[in-house]
Amino acid sequence: MSDRRYEPKQIEPRWQELWAREGTWEVANDPGDPGAVQKSYVLEMLPYPSGEPHIGHLKNYALGDAIAHFHRRTGHRVLHPMGYDAFGLPAENNAIKTGVHPRVATDRSIAAYRHWFHRWGISIDWSREFGTHEPSYYRWTQWIFLQLLERGLAYRKEAAVKWCPYDQTVLANEQVIDGRCERCGHLVELRQLEQWFLRITAYADRLLDDLDTIDWPEHVKAMQRNWIGRSEGAEVTFRCEALGIDYAVFTTRPDTLFGATFFVMAPEHPDVFKLAAGTEYEAQVHDYVNRVLGESVEERGAADKPKTGAPLGRTVTNPVNGEQIPMFVADYVLMEYGTGAVMGVPAHDQRDYEFARAQQLPIRTVVAPPGTDDVPADRAFTAHTDDERLVNSGQFSEMDAVSGREAIVAWLDREGAGHASVNFRLRDWLVSRQRYWGCPIPVVYCDHCGLVAVPEEDLPVRLPEVEDYQPRGRSPLAAAEDWVNTTCPTCGGPARRETDTMDTFVDSSWYFLRYCDARNDAAAWDRRVLASWMPVDQYIGGVEHAILHLMYARFFVKALADMGLVDVQEPFQALFTQGMILGSDGNKMSSSKGNVVAPSAIVERFGADAARCYILFVGPPDQDAAWSDSGLEGVHRFLSRLWRLGDELGGDPGSVAQPPDPSGDALTLVRKANWAIDKVTDDMRGRFAFNTAIAAVMELVNEIYRYPGADPSARRFATATAASLVFPFAPHLGAEVYERLSGRRVWDEPWPDADPQMLVADTFELVCQVNGKVRDRVTATTGAPREELERLALASRGVRSHVDGHQVAKVIVVPGKLVNVVVR
RNA sequence: GCCCGGGUGGUGGAAUUAGGUCAGACACGGUCGCCUUAAGAGCGACUGCCCUUUGUGGCAUGAGGGUUCGAGUCCCUCCCCGGGUACCA
């Protein structure tokens, strides 16, 4: 046995240099002959370059790399590129703090990331690398924006938008978490501002329906479904006779229409002051609305907050019964959802109930279980049963709730007072940001021509240099006067550039398309090239992007498909969401807790292979796992053992083929090697069971140690097999050991096939049970008939002693496995 | 509240896809041994719990029921933990 030591520091750089020099992982575009060799596009979410990569990145790329290697060696042309999501607030905030230009800090960080990806041995096609902040990339981001603008999918609108007072910019709904800015945690305010939106709501139905066509984790689909929030119901018109205006409301419960005893509008509703004007409540309404609009989004959103509101002094007509019901303004009604007004049905809605109690409004039950006409008002909306029927509902009374609902909607339709309707929770995507470090929006404002798109040939609109990035509620770009003042592309007169930049999620909504044709200067991509790679076959990243990035990217692809620019409906055919690596204390890593594990330190000490293998071995990759130094050492020990086998057996390269007709210990080793091939292959194919795959290779290595005297050809075969199987997880060591034994490059070798003859033994251990309890085990011949197995079991000592004195009721035989004797 | 996950040794986890091999692979930690002047590294053995019957013994996969010859795995009820989301009418 060798007593030399495994030194990853000597092994790993050698392979890294070779892969870099030879461009081993580069793959050419070959749109001419799609299908000749099966393609596989393996992609990890691109990193946001900030400082140095952390342990989560190592996990992400170790996972993707294992899949990429496995696909390559199972006969696929694999596209596995890398880039950087380089625009964004953190770099800009850092610039404000340190005075370092965001471009400088970002480029520095990109260099660090690039260095570590090499050092980790990730098999990346570096010929396609880019950063989203490069003009050669954002030129096409702007181009896509113009395509959206041309089709009305990008538009400007004044709306009550979420504003972060700290970052001094507006935010998308998706970027507000519990009423706070997801970046800085400050309470978000509502402001009435004109902003740029992308019309993602036009795709709500397809974004929802097409979830059924993709292979994503169920919980991610569920989150997207919730976020899209499709509700079926009806729109019903209530007329305010005094002003002669019709107000529509959306309801999911048209069956409760007869129970509407009041009508409520959102404080932001444009008609609120008009309605109250001249009534005795005018001053009260002004006070109330002003107070509510000054509240933060969080205060406003608290669910347990008591219901408040003010009467408007007007009534509307309930279309089904002609009743005049009073109008109110109340902050529990949201302007952004539905029509900004609701009918109040206190008997069948918790919120309406609370409001009715606060305002002392009547509560009328209109849906009740059979045999009851009136349900206690405080319980009416909780207990719903299938056999409920309508009561106090005029001509619809006594109908069951389901057909009553349909009948009421049909009646409304006939009378022109309403119709069936579907509502979505999803809102349009607010994409403009009043910040510096982002992609400029390529439009100008001309006094004569109004809003004018920058012509394609003038792209990119370059981000100007500015001295001061400090956010002041308007974009820092506005200070670059030379840049802002331009000429109108249409009339040639003076014009001003748009000074807002785009949300960085725009940049990352199409980067996976650009990788396919990254060096194309004439277009964002060649459609044929795109068709040869898309969709991404396996996408890998954190769940934190379940809604934002993953929804936006799906929207972009659908919009681009409608323009005839791409040929797929979904960008990511399969998605894998990885769990986090937690600190050794089980908490999320953070510098304040002092539990941060830096990948650089681990790789320095134990090598990239050990770090990568450990992260994959510690548990199922979709689960969170706590970091453990001793666990890492255990994996390092395993790799050392494999290395020493290579050192011992690999003096002069030769055959590593499976030896013919092995017997004795050699047969045991050959069987174990084939078992490991079968197990690892199975764990990798479709599943992501890297932890058990690595465990299987460990078992194989342990077995080789157990039989030091076995025939050397069998030991060489088993060791080379272990190296070949471990290569996707520990590429340097796998390549090293395989080369020592065979003289060949393991990545050029096809993935091994298990020899079916070696997967089954001649005999097996027959489990003998009595009443379901194991009482004996005997050796039986593989493929023996049932009668034979039954006879063996009944004859076994353990079974005889438990059957003795009882009557055998029946005997269950599971061929190849067990016999269960049932006795009374 | 609603929607997803998940509860298995001292620890991370395996077995859950089709119910079947005394449940616990692999690894960490622990105990002991070999080697060594010593330490380290390495190698090897043992390691779920219980027992005044140490036995081809009993118990055991969050709790309680059920289906079955047989349940960690399937069904019902409940408890606990994690994540997402929430005044969406």
Side-chain angles (χ1 to χ4, degrees), chain A residues 1-3 5 177-178 217-223 225-227 229-231 233 249-253 256 264 300-305 307 330-334 336-339 341-345 348-352 354-355 382 423-427 543-544 546-547 579 614 617-620 622-635 637-638 640-641 644 679 686-687 689 691-699 702 705-706 708 764-777 796-799 801-802 809-812 814 816-823:
Chain A
M1 187 77 35
S2 164
D3 50 9
R5 292 184 56 173
I177 312 290
D178 294 333
E218 207 38 60
H219 69 281
V220 176
K221 290 191 189 183
M223 279 191 226
R225 283 191 193 104
N226 285 342
W227 193 261
R230 184 177 197 273
S231 293
V249 301
F250 174 74
T251 177
T252 53
R253 294 292 305 277
T256 66
V264 195
R300 174 85 183 268
D304 49 357
K305 172 181 158 180
K307 295 284 174 288
D331 66 351
Y332 79 93
V333 176
L334 308 175
E336 312 93 88
Y337 186 76
T339 61
V342 301
M343 62 178 194
V345 185
H348 303 289
D349 181 277
Q350 175 82 43
R351 297 152 303 180
D352 293 344
E354 286 165 18
F355 187 75
T382 53
N423 240 277
F424 293 94
R425 220 187 70 125
L426 185 71
R427 316 279 155 68
V543 244
E544 64 273 19
I547 295 168
Y614 167 70
F617 178 68
V618 68
D622 56 339
Q623 274 177 36
D624 293 351
W627 181 264
S628 150
D629 286 331
S630 48
L632 171 69
E633 285 166 30
V635 170
R637 210 167 290 151
F638 152 65
S640 298
R641 280 157 68 82
R644 285 202 310 275
K679 172 75 178 155
R687 297 209 293 160
N691 53 332
T692 51
I694 292 169
V697 183
M698 286 176 170
E699 281 196 59
N702 290 345
Y705 272 76
R706 205 165 289 140
F764 71 97
E765 206 169 48
L766 178 70
V767 174
C768 306
Q769 300 181 329
V770 177
N771 287 351
K773 292 211 174 220
V774 179
R775 296 302 180 185
D776 210 338
R777 304 153 153 260
S796 75
R797 206 180 123 208
V799 170
S801 66
H802 282 89
K810 66 173 162 179
V811 179
I812 313 276
V814 184
K817 285 187 174 162
L818 59 75
V819 173
N820 186 19
V821 182
V822 184
V823 300

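Letters A, B, ... mirror the listed sequences (proteins, then strands); counts begin at 1. Everything numeric here is computed off the predicted structure, so don't read it as measured data.
Looking at every heavy atom in both residues, A:S231 comes nearest to A:F250 through O-CZ, 3.6 Å. The two residues A:D776 and A:S796 come nearest to each other via the heavy atoms OD2-CB, 3.4 Å. Between A:V543 and A:H219 the shortest heavy-atom distance is CG1-NE2, 3.4 Å. Taking both residues in full, the closest heavy atoms of A:V345 and A:D352 are given as N-OD2, 2.9 Å, listed atom of the first, atom of the second, then distance.
Looking only at side-chain heavy atoms (C-beta outward), A:V822 and A:N771 come within less than 4.5 Å of each other. Using a 4.5 Å cut-off on side-chain heavy atoms (C-beta onward), A:Y614 and A:E633 make no contact. Contact check for A:M343 versus A:T251: side-chain heavy atoms found under the 4.5 Å cut-off.
Secondary-structure stems of RNA chain B, taken as three or more successive Watson-Crick or G-U wobble pairs (i with j, i+1 with j-1) under a 3.5 Å distance threshold, comprise B:1-7 with B:79-85, B:10-12 with B:26-28, B:29-34 with B:42-47, B:48-50 with B:57-59, B:62-66 with B:74-78.
Heavy atoms of A:V767 sit under 4.0 angstrom from at least one base atom. Among the protein residues, A:R225 comes within range of no part of the nucleic acid, since none of its heavy atoms lies under 4.0 Å from any strand. The residue A:N702 sits close only to the backbone: its heavy atoms come under 4.0 Å of sugar-phosphate atoms, none of a base. When heavy atoms are screened at a 4.0 angstrom cut-off, A:V543 is found touching no nucleic acid atom at all. As judged by a 4.0 angstrom heavy-atom cut-off over every strand, A:K221 is placed among residues making no nucleic acid contact. Residue contacts for A:N423: at a heavy-atom cut-off of 4.0 Å it reaches no nucleic acid atom on any strand shown. If you check every strand for non-hydrogen atoms under 4.0 Å, A:R427 touches a base. Within 4.0 Å of A:F638, counting heavy atoms only, lies no atom of the nucleic acid at all. Contact annotation for A:Q769: base contact, defined as any heavy-atom pair under 4.0 Å involving a base atom. Residue contacts for A:G634: at a heavy-atom cut-off of 4.0 Å it reaches the sugar-phosphate backbone alone, with no base atom in range. Contacts of A:V814 with the nucleic acid, taken as non-hydrogen atoms under 4.0 Å apart, include base atoms. Within the 4.0 angstrom heavy-atom criterion, no nucleotide atom of any strand lies near A:P217.
Between A:S231 and the phosphate of B:A89, there is a side-chain N or O to OP1/OP2 separation shorter than 4.0 Å. Listed pair A:R637 / B:C28 meets the phosphate criterion, a side-chain N or O lying under 4.0 Å from OP1 or OP2. At B:U17, none of the side-chain N or O atoms of A:R687 fall inside 4.0 Å of OP1 or OP2 (strictly under the cut-off). Put simply, A:K817 has no side-chain N or O that comes within less than 4.0 Å of OP1 or OP2 on B:G20.
For A:V822, the side-chain atoms get nearest to B:C69 when compared with the rest of B:C22, B:A14, B:C69. Of the candidate nucleotides B:A14, B:U85, B:G44, B:U85 has the atom nearest to the side chain of A:R425. For A:A695, counting side-chain heavy atoms from C-beta on, the closest listed nucleotide (B:C43, B:A25, B:A89) is B:A25. Here the side chain of A:Y705 is nearest to one of B:C87, B:G13, B:C43, namely B:C43. Candidate nucleotides B:C43, B:G84, B:C3 were compared by shortest atom distance to the side chain of A:M223, and B:G84 ranks first. Residue A:D776 has its side chain nearest to B:U56 when only B:A89, B:C69, B:U56 are considered. Out of B:A25, B:A14, B:G20, the shortest distance to the side chain of A:N691 is found at B:A14. Counting only heavy atoms from C-beta on, A:F617 has its side chain closest to B:A27 among B:C69, B:A27, B:A89. The side chain of A:H219 sits closest to B:C4 out of B:C4, B:A89, B:C69.
Donor-acceptor pairing under 3.5 Å, judged by distance alone, is present between the side chain of A:R797 and the base of B:U56. Side-chain to base pairing of A:K307 with B:C87: one donor and one acceptor N or O lie within less than 3.5 Å of each other.
Nucleotides B:C28 and B:G44 are separated by 12 Å at their P atoms, to the nearest Å. Straight-line distance between the P atoms of B:U47 and B:A23: roughly 14 Å, to the nearest whole Å. For the P atom pair drawn from B:A71 and B:U67, the interatomic distance equals 11 Å after rounding to whole Å. B:G82 and B:G65 are spaced 28 Å apart, taking the P atom of each and rounding to whole Å. Between the P atoms of B:G24 and B:A14, the separation comes to 15 Å (whole Å).
Looking only at distances, a side-chain donor or acceptor of A:Y705 sits under 3.5 Å from a matching main-chain atom of A:R641. A:D349 places no side-chain N or O within 3.5 Å of a backbone atom of A:G344 that could act as its donor or acceptor partner.
Here the C1' atom of nucleotide B:C87 and the CD atom of A:E354 are 9 Å apart, to the nearest Å. Rounded to a whole Å, the CD1 atom of A:I812 is 15 Å from the P atom of B:U21. As rounded to whole Å, 10 Å separates atom C1' of B:G5 from atom CG of A:D622. In this entry the distance linking CZ of A:R706 with C1' of B:G44 reads 11 Å, nearest Å. Rounded to whole Å, atom C1' of B:C2 lies 13 Å from atom CZ of A:R351. As a whole-Å value, the separation of A:D624 CG from B:G83 C1' is 9 Å. Straight-line distance from the CD atom of A:E218 to the P atom of B:C3: 14 Å, rounded to whole Å. One interatomic measurement links the two molecules: CZ of A:R230 to P of B:U85, which rounds to 22 Å at whole-angstrom precision.
Under 3.5 Å, the side chains of A:R425 and A:N226 contain no donor-acceptor pair of N or O atoms.
Taking for each of A:F424 and A:M698 the nucleotide of RNA chain B with the nearest heavy atom, the 5'-most of the two is the partner of A:M698. With RNA chain B read from its 5' end, the first of the two nearest nucleotides for A:T339 and A:R775 is the one closest to A:R775.
Here B:G9 is in the syn range [glycosidic angle within 90° of 0].
Ion pairing between a basic and an acidic side chain is recognised when a charged N comes within 4.0 Å of a carboxylate O; A:R225 and A:E218 show such pairing.
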